[in-house]
Amino acid sequence: MINNFEDLEIWKEGMRISVKTYEILKNCKDYGLKDQMQRAAVSIPSNIAEGFERQTNKEFIQFLYIAKGSCGELRTQFYLASKLKIIENENLAILIYKLKQLSSMISTLIKIRKTNFK
């Protein structure tokens, strides 16, 4: 039974990705890209939490779409950071995989919410 957004696996994974993003970028000197990436990372679990706390299923779904969009944004920024040699390819592969997996999990929850919670 899910009673709080903290019970959602997608929120937990979003938090893990956010923490990992901060850890990887802690010594990054490109402050503009670093800030943008950290904002995108934090946006994922934040929008999941905000949507869960909203009044309607429609609002929750909308915030899930925003979180999913932030997954794509962060993936793009990790690709860029890799090309700029800001992060190592080993970290890139792991994070891209995790972000794709999370995006898929969010899509699944959106489908479930659209089907079962009208």
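Worth knowing before you read on, the calculation uses all heavy atoms, side chains too, and leaves out hydrogens, waters and symmetry mates.
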Is the side chain of [X] donor-acceptor paired with the backbone N or O of [Y] at a distance under 3.5 Å, no angle test?
X      : Y      : answer
Ser104 : Lys100 : no
Asp35  : Gly32  : no
Ser43  : Arg39  : no
Ser18  : Gly14  : yes

Only counting residues at least two apart or in another chain, list the ones meeting side chain to side chain contact (heavy atoms under 4.5 Å, CB included) with Ile66.
Asn47, Gln62, Phe63
Gap separating the [atom1] atom of [X] from the [atom2] atom of [Y], nearest 0.5 angstrom:
X      : Y      : atom1 : atom2 : value
Ile17  : Phe78  : CD1   : CZ    : 8.5 Å
Ile87  : Gln77  : CD1   : CD    : 11.0 Å
Trp11  : Met105 : CH2   : CE    : 13.5 Å
Leu99  : Cys71  : CG    : SG    : 5.5 Å
Asn91  : Asn89  : CG    : CG    : 9.5 Å
Arg113 : Asn57  : CZ    : CG    : 4.5 Å

Single-linkage hydrophobic cluster, 4.5 Å side-chain cutoff, [X] and [Y] together:
X      : Y      : answer
Leu102 : Tyr97  : no
Ile48  : Val19  : no
Leu8   : Ile61  : yes
Leu109 : Phe117 : no
Val42  : Leu95  : no

Is the closest side-chain heavy-atom distance between Ile86 and Ile24 below 4.5 Å?
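No, too far: nothing below the 4.5 Å cut-off.
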Do the side chains of Leu64 and Ile10 get nearer than 4.5 Å, heavy atoms only?
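Heavy-atom side-chain distance check passes, below 4.5 Å.
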Among pairs that include at least one residue of residues 55-84, which meet salt bridge (charged side-chain N to carboxylate O under 4.0 Å, His left out), considering only residues two or more places apart or in two chains?
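Non-adjacent pairs meeting salt bridge (charged side-chain N to carboxylate O under 4.0 Å, His left out): Arg54-Glu59.
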Evaluate Tyr65 against Ile106 for side chain to side chain contact (heavy atoms under 4.5 Å, CB included), listing each step before the verdict.
CA-CA 8 Å; Tyr65 276 120; Ile106 293 170; over 6 Å; no
Give me the atom names and distance for the closest heavy-atom approach of Gln38 to Leu25.
CG-CD1, 4.3 Å
May I have all residue pairs that pass side chain to side chain donor-acceptor pair (under 3.5 Å) and include part of residues 22-31, sequence neighbours excluded?
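For residues 22-31: none.
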Should the heavy atoms of other residues, nucleotides or ligands under 6.0 Å from CD of Gln101 be counted, would the total exceed 12?
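Buried by this count: over 12 neighbours within 6.0 Å.
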